[in-house]
Amino acid sequence: NAGVTQTPKFRVLKTGQSMTLLCAQDMNHEYMYWYRQDPGMGLRLIHYSVGEGTTAKGEVPDGYNVSRLKKQNFLLGLESAAPSQTSVYFCASSQLGGELFFGEGSRLTVL
Amino acid sequence: AQSVTQPDIHITVSEGASLELRCNYSYGATPYLFWYVQSPGQGLQLLLKYFSGDTLVQGIKGFEAEFKRSQSSFNLRKPSVHWSDAAEYFCAVGDRGGYNKLIFGAGTRLAVHP
């Protein structure tokens, strides 16, 4: 019973490099979310999706892109990484009115 | 705009003591309210939630929270803390407009002394 799985769990990038974080959920949830967690700031919503083929901006979308080509997957991309994007990234999924289920996080360091 | 304030960054209690973690929110109407817990290196786990009805909500692990509309608060309580409760606790408010978008507070880190 995997729930929400994020890959990779750790990554170190140089400024200007690109990368993609993959989130997969096996609960047939409609909604998926990407959050970033920074010390003293809690979790902030980057982008979210309300169904396959849809995406929308959250609180802090700049510098990130997302895609939801399949219902079970939600990808977060950094086209040109910056040190300010050093963070822990969490993916979550839910049904409308239901609780959010979180992955274990992906720690990204940008040098 | 919605916001959530957790006034206490760190709290230390002795094992067996009671606990109250504070949460205040700003929202135009009655929101959905949540408390999540995060153990080190882990994702977030839902402790409890308030959608409507009884303002005292029971959750997992012996936690409860009370919604007080007049104070815009949703404080988390536990009568007797266990060492395993040491973690970071997040209060969150959800938009009744849909999509379950949550706004999180900055978190309260709980330490438990034996």
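In the text below, chain A, chain B and the rest are named by the order of the sequence lines, each starting its count at 1.
- Classification of A:D38 and A:R44 as a salt-bridged pair holds, one side-chain N sitting under 4.0 Å from a carboxylate O.
- Between the side chains of A:Y64 and A:Y89, at least one donor-acceptor pair of N or O atoms lies under 3.5 Å.
- Looking at A:T55, A:L76, A:L75 one by one, the single match for side chain to side chain contact (heavy atoms under 4.5 Å, CB included) with A:S67 turns out to be A:L75.
- Listed by first and then second residue, the side chain to side chain donor-acceptor pair (under 3.5 Å) pairs involving residues 9-21 of chain A amount to none (not counting sequence neighbours).
- Of the atoms belonging to B:I9, not a single heavy atom falls under 4.5 Å from chain A.
- Contact of B:Q38 with chain A is made through the side chain alone, with heavy-atom distances under 4.5 Å.
- Residue contact with chain B, scored on non-hydrogen atoms closer than 4.5 Å, involves the side chain of A:L45 exclusively.
- Applying the side chain to side chain contact (heavy atoms under 4.5 Å, CB included) criterion to B:D8, with sequence neighbours excluded, gives B:I11, B:R22, B:T108.
- With sequence neighbours left out, the ring pair (Phe, Tyr, Trp, His ring centres under 6.0 Å) criterion links B:F90 to no other residue.
- Each of A:Q95, A:Q6, A:E30, A:Q37 has some count of heavy-atom pairs under 4.5 Å with chain B, and the biggest count is that of A:Q37.
- Of all residues in residues 100-111 of chain A, those placing a non-hydrogen atom less than 4.5 angstrom from a non-hydrogen atom of chain B are A:L100, A:F102, A:G103, A:E104.
- For B:S52 and B:Y32, the side-chain atoms include no donor-acceptor pair closer than 3.5 Å.
- Separation of the B:F63 and B:Y89 ring centroids falls under the 6.0 Å cut-off.
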